[in-house]
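What you see is a predicted model; the values in this text were computed from it and never measured. Hydrogens, waters and symmetry mates are skipped; everything else that's a heavy atom, side chains included, is used. Throughout, protein chains are lettered first and strands after them, A, B, ... in sequence-line order, and every chain is numbered starting at 1.
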Amino acid sequence: MAKRARKFWLMKSEPNVYSIDDLAGDETTGWDSIRNYQARNFMRDEMKEGDLVLFYHSNASPPGVAGVARVSREAHADPTQFDRSSKYHDPKSTPEAPRWMMVDVAFVEKFPELVPLGALKAEEAALDGMLVIKRGQRLSVQPVDKEHFARVLKMGAAKMKLR
DNA sequence: GCCAACGTTGGC
DNA sequence: GCCAACGTTGGC
């Protein structure tokens with residue numbers, strides 16, 4: 001039985017909330033608090049262990065890709081939805097039928113330097129169709145083409161290589 | 001801080 | 001089911 005081909009993703013996080021350095025320290029984290037159905041569906045239905053993730057710093061100056069992570073655990077219920085004290089509490093969700101799912105991601109590497117959004121936009125020809133460079137694109141979990149992923153690794157002088 | 005773009009809610 | 005109002009995202 002052939003293994004499913006690895007998929008590639010981009011996940012946004014505000015670095016003043018949770019940065020690539022936080023992930024490096026934690027080694028792994030639950031990608032909780034996502035309250036967007038499209039993003040949830042990607043996590044619930046499509047992200048598999050071993051998939052690679054561009055870790056993107058949003059609401060930063062400049063915003064950009066800070067490094068690489070890897071899906072380390074597939075979809076499971078986001079615990080913040082059951083936490084009454086959390087701003088992400090969802091009273092309509094139950095443990096039997098959780099509405100919000102998350103994956104866990106593990107630290108892979110931090111780029112020597114951030115790849116700014118502006119640099120991605122400047123590579124528009126090579127990165128044609130990449131969602132993060134589209135204006136008005138707010139989705140915080142996005143699929144990325146393998147070719148685009150490889151190009152961003154190069155731009156970030158990543159240690160890892162795709163094969 | 002501004003505001004364009006987008007997603008969600010809720011009245012009808 | 002439509003769509004106006006509202007809330008959020010996120011670049012600048």
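The side chain of A:Arg135 approaches B:dA5 more closely than any other nucleotide in the set B:dG7, B:dA5, C:dG11. Among B:dT8, C:dG11, B:dC6, the nucleotide with an atom closest to any side-chain atom of A:Arg138 is B:dC6. When each of C:dG10, C:dG11, B:dG7 is scored by its nearest atom to the side-chain atoms of A:Ser140, the top-ranked nucleotide is C:dG10.
Rounding to whole angstrom units, CG of residue A:Asn36 and C1' of C:dG7 are separated by 13 Å. Nucleotide B:dG7 holds its C1' atom 11 Å from the CH2 atom of A:Trp100, rounded to whole Å. At whole-Å resolution of the value, NE2 in A:His57 and P in C:dT9 are 17 Å apart. Whole-Å rounding puts the A:Leu139 CG to B:dA5 P distance at 18 Å. Nucleotide C:dG10 holds its P atom 12 Å from the CG atom of A:Asn16, rounded to whole Å. Remark: P of B:dT9 and CZ of A:Arg35 are 12 Å apart, rounded to the nearest angstrom. Rounded to an integer number of Å, the gap from A:Tyr56 OH to C:dT9 P is 15 Å. At whole-Å resolution of the value, NZ in A:Lys134 and P in B:dC6 are 11 Å apart.
The shortest distance between the side-chain N/O atoms of A:Lys87 and the OP1/OP2 oxygens of C:dT8 is not below 4.0 Å. Proximity of A:Tyr88 to the phosphate of C:dT8: no side-chain N or O atom is located under 4.0 Å from OP1 or OP2. Within the 4.0 Å cut-off from OP1 or OP2 of C:dG10, at least one side-chain nitrogen or oxygen of A:Lys12 is found.
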* Please report the C-alpha distance between A:Ser93 and A:Gln81 in whole Å, then the side-chain angles of each, then the deciding distance to 0.1 Å, and finally whether the side chain to side chain donor-acceptor pair (under 3.5 Å) criterion is met. => CA-CA 7 Å; A:Ser93 187; A:Gln81 69 196 307; 2.7 Å; yes
* I would like to know whether A:Asp128 and A:His148 meet side chain to side chain donor-acceptor pair (under 3.5 Å); could you show each step before the answer? => CA-CA 8 Å; A:Asp128 183 43; A:His148 294 166; over 6 Å; no
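At a threshold of 4.0 Å, the pair A:Asp51-A:Arg4 counts as salt-bridged, since one of the basic side-chain nitrogens sits closer than that to a carboxylate oxygen. For the pair A:Glu46 and A:Lys7, the salt-bridge criterion is met [side-chain N within less than 4.0 Å of a carboxylate O].
Residues A:Gln142 and A:Met11 are not in side-chain contact: their nearest non-hydrogen atoms beyond the backbone lie 4.5 Å or more apart.
Comparing A:Tyr37 and A:Asn59 against DNA chain B, the residue whose closest nucleotide sits nearer the 5' end is A:Asn59.
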